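This report concerns only the one structure given below.
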There are 2 protein chains.
Amino acid sequence: MARPREFDADEALEKAMELFWDVGYDEASLSELLGAMEITKGSFYKAFQDKQSVYLATLDRYNDQVVSNTVAFLGDPAEGTGGDRILALFGRIADLAQKEGDRLGCFLCNALVDKAGGAEAEAKLQAMTRRLENGFYRALQDDGLEETEARGTARGILTAYFGLRVLGRAGLSADMASDCIRQVERMLGRMR
Amino acid sequence: MARPREFDADEALEKAMELFWDVGYDEASLSELLGAMEITKGSFYKAFQDKQSVYLATLDRYNDQVVSNTVAFLGDPAEGTGGDRILALFGRIADLAQKEGDRLGCFLCNALVDKAGGAEAEAKLQAMTRRLENGFYRALQDDGLEETEARGTARGILTAYFGLRVLGRAGLSADMASDCIRQVERMLGRMR
DNA sequence: TGTGTTTTGTACCATTCGGTTCCTAACTCT
DNA sequence: AGAGTTAGGAACCGAATGGTACAAAACACA
């Protein structure tokens, strides 16, 4: 029994995430944010509390969508062995980075460096990082690695993952990506 | 035949670098910057042009000091084999990250993600990245690796380097660091 | 001791920042 | 149709933004 919303809150959040992803928290001014979300101030402050809580919401969104998707892929036996899945993930990232004009990187990684959004944001980011690490960990366990070995390798791969995403955002050259992947293969014990 | 400067321009630039390093370009407001540099506006705009050119100057400073130092270390035969030097560098970074309260990361890496300072900054950052890559490359060549193999491995190590620095800034746990280093050893062909 | 030059600090500038208020428009339900 | 409720939008807010103008202060040289 009231006036219905004219905008899709989920869609608006998606646009907000894309902006924060691209330029970070501070450089995304409120007016830019409103422009991207296609909303005016009134609706913005009515539907969400303020800029910061929108930021936190976009972090949750990234976790629910991108991170979940990635972890699910890493755990999906239909995609081959654990090592196959990890390499496929890195291949996807490398492809993305090679497409000229992508230059987004990984929202989690960017936000980790950005350090915006206070303690609440940091907690979310650390949780996401742990989810990713565990995704690698379980994939390695699927290949029969014992616990401590799998844990150590997972962390090494996580490091390479973040590194690759930084280089991707920085405009990494095409041949760079394949070189990185070869080193991950080496971590997985697949020499060549 | 004029009034001499009351502040040390080099010292002020050092402080500016520390601030940009910590919080990034946008979040470092002009007043914060002035406070850190211990300078008032008048001197600031007289000695340097504006905020952006100070930022660019701090990037140069980081290149001249930190990057140069790192590359020199990687190329110093007195520090052991190429592989030894690379591992020692990673060890230093891991030690830094483990010290609670460091949380700075690498200015180059942070700035790469920050994407502030326009095209000029980006060019400087890419040049620094290349210097670092070549530092690893030459260290590997010192160990007798042939060209393409050394190049590929150098890039993999560069990736791990950035990844480790992101995790360090994010507040990486102590055991995390040693796991990362073990994977770098693996890239270097030193299993264990 | 002047005189000229440069630095320094302060006052000021328009603009933009994130955020609030409040009135009107739009809708649902009775 | 009318009452009740909520969204939308514009006007407005103080504070902070990066940057400029200018007068006073501090020095070097003659």
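Each chain gets a letter, A, B and so on, in the order its sequence line appears, and its residues count up from 1. Not measured: the values here are computed from a predicted model.
- Rounding to whole angstrom units, CZ of residue A:Phe7 and C1' of D:dT6 are separated by 12 Å.
- Using a 4.0 Å heavy-atom cutoff across all strands shown, A:Phe44 reaches no nucleic acid atom at all.
- Residue pairs that meet the ring-ring contact (aromatic ring centres under 6.0 Å, His included) test with at least one member in residues 126-165 of chain B, sequence neighbours left out, do not exist here.
- When the side chain to side chain contact (heavy atoms under 4.5 Å, CB included) test is applied to B:Glu11, the partners found at least two apart in sequence or on another chain are B:Asp8.
- Under the rule for a side chain to side chain contact (heavy atoms under 4.5 Å, CB included), the partners of A:Ser53 that lie at least two apart in sequence or sit in another chain are A:Gln49, A:Asp50.
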Which atoms of nucleotides 9-12 of chain C (N or O only) lie under 3.5 Å from a protein N or O atom, and what are those distances?
residue: C:dG9; atom: OP2; partner: B:Thr40; partner atom: OG1; Å: 2.6

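- A heavy atom closer than 4.0 Å to some atom of DNA chain C occurs in A:Ala28, A:Ser29, A:Leu30, A:Ser31, these being the qualifying members of residues 13-32 of chain A.
- Ranked by how close their nearest DNA chain D nucleotide is to the 5' end, B:Pro4 and B:Gln52 are led by B:Gln52.
- Note: NZ (B:Lys51) to P (C:dT15) measures 20 Å, nearest angstrom.
- Atom pair B:Phe48:CZ and C:dT8:P shows a separation of 10 Å (rounding to whole Å applied).
- When the salt bridge (Lys or Arg N to Asp or Glu O under 4.0 Å) test is applied to B:Asp26, no partner is found at least two apart in sequence or on another chain.
- A:Tyr45 has its OH atom 17 Å from the P atom of D:dA10, to the nearest Å.
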Please output the side-chain donor-acceptor pairs of residues 33-42 of chain B that fall under 3.5 Å, not counting sequence neighbours, one pair per line with the distance.
none

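- At whole-Å resolution of the value, CG in A:Leu34 and C1' in D:dG8 are 13 Å apart.
- Within the structure, every pair that satisfies the salt bridge (Lys or Arg N to Asp or Glu O under 4.0 Å) test and touches residues 150-162 of chain A, not counting sequence neighbours, is listed here: A:Glu133-A:Arg151, A:Glu133-A:Arg155, A:Arg155-B:Asp175, A:Arg155-B:Asp179.
- Considering only the side chain of B:Arg3, D:dA25 comes nearest among D:dA25, D:dG18, D:dG8.
- B:Asp76 places a side-chain N or O within donor-acceptor distance of the main-chain N or O of B:Ala78, the cut-off being under 3.5 Å.
- Distance CE (B:Met37) to P (C:dT8): 12 Å, rounded to an integer number of Å.
- Rounded to an integer number of Å, the gap from CD of A:Gln49 to P of C:dT20 is 11 Å.
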Solution key, residues 17-24 of chain A side-chain donor-acceptor pairs under 3.5 Å, sequence neighbours excluded:
residue: A:Trp21; atom: NE1; partner: A:Gly105; partner atom: O; Å: 3.1

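- Ranking D:dA7, C:dG18, C:dT8 by closeness to the B:Arg5 side chain, first place goes to C:dT8.
- Between A:Lys46 and A:Glu6 no salt bridge is recorded (no basic side-chain N to carboxylate O distance below 4.0 Å).
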